[in-house]
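Notes follow once the structure below has been shown.
Atom set for the values below is all heavy atoms of this structure, side chains included, hydrogens, waters and symmetry mates excluded.
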Amino acid sequence: MVDLQNRLPVAFLMTRQAPGNGLRGMALMMALLFSGCLAALPDKGSLPVEQACLMAGERAVPITVEIARSSDERSRGLMERESLAADAGMLFVYGDQRRAHHGFWMYRTLIPLDIAYMDSNGVIGSIRQMEPCPADQGRDCPNYPAGVPFYLALEMNQGFFERRDIGVGDRLSLDASDCR
């Protein structure tokens, strides 16, 4: 709130009017000002984007992928996104092999997705369809286990793999020259 007569934040007025609350009022004013500065900063959470392709036999299907490598990036995933471009997705990269029972969930994810679980060479071992989970708690969302050990997981819009006739045994290539 702002005192329109003096054009001062109310927190500043409170420091002038309540001598015992001076430090608290000043801290509140600084917090409000600082939070406004943070909102203006660019998003540090943006992920690297790479051109890739899915290889189905001799056929290459070009895609654009955001790469999630860190634990925080993988945990955030595509949460709260309202849309995803038709040929875009997110690639989750793990430094060590995940077990077959390891899976993904759709907590706070708004769009239906397909997920392809891949080995260290990018060969697809399984594909699952995942539905958004409207639950308030993540523990109330279903888990979509891979069913195969994996190092990589690729999320795309639901139906992407089927529409492009990409399945188990096909592979992902991050080498742009493969996409020509």
Report summary line: One should read off an interatomic distance between Asp178 CG and Met55 CE, to the nearest 0.5 angstrom, of 5.0 Å
Query raised in the report: Hey, are the side chains of Asp119 and Val148 touching, using non-hydrogen atoms and a 4.5 Å cut-off?
Result: no
Query - Within-4.5 Å side-chain heavy-atom neighbours: Phe104 and Arg128 - result: no
**Report entry** Minimum side-chain heavy-atom gap Phe160-Leu84 below 4.5 Å
**Finding:** no
Report summary line: Of all heavy-atom pairs linking Ala56 and Ile166, the shortest is CB-CG1, 4.4 Å
Report summary line: So CE of Met106 and CG of Leu78: to nearest 0.5 Å the spacing works out to 8.0 Å
Query - Considering all heavy atoms, the nearest Gln158-Arg163 contact - result: O-NH1, 3.4 Å
**Report entry** Result of checking Leu47, Ile63, Leu152 against Leu91 for side-chain contact (heavy atoms from CB on, under 4.5 Å)
**Finding:** Leu152
Query raised in the report: Hey, any chance Ile115 and Leu113 share a hydrophobic cluster, counting ILVMFWY side chains that come within less than 4.5 Å of each other, even indirectly?
Result: yes
Query raised in the report: Any side-chain heavy atom of Arg164 sitting closer than 4.5 Å to one from Leu54?
Result: no
Query - Side chain to side chain, Asp165 and Arg59, heavy atoms closer than 4.5 Å - result: yes
Query raised in the report: Taking the six-membered ring for Trp, are His102 and Tyr94 parallel (under 30°), tilted (30 to 60°) or perpendicular (over 60°)?
Result: perpendicular
**Report entry** Heavy-atom closest contact (Arg81 atom, Ile111 atom, distance)
**Finding:** O-CG2, 4.0 Å
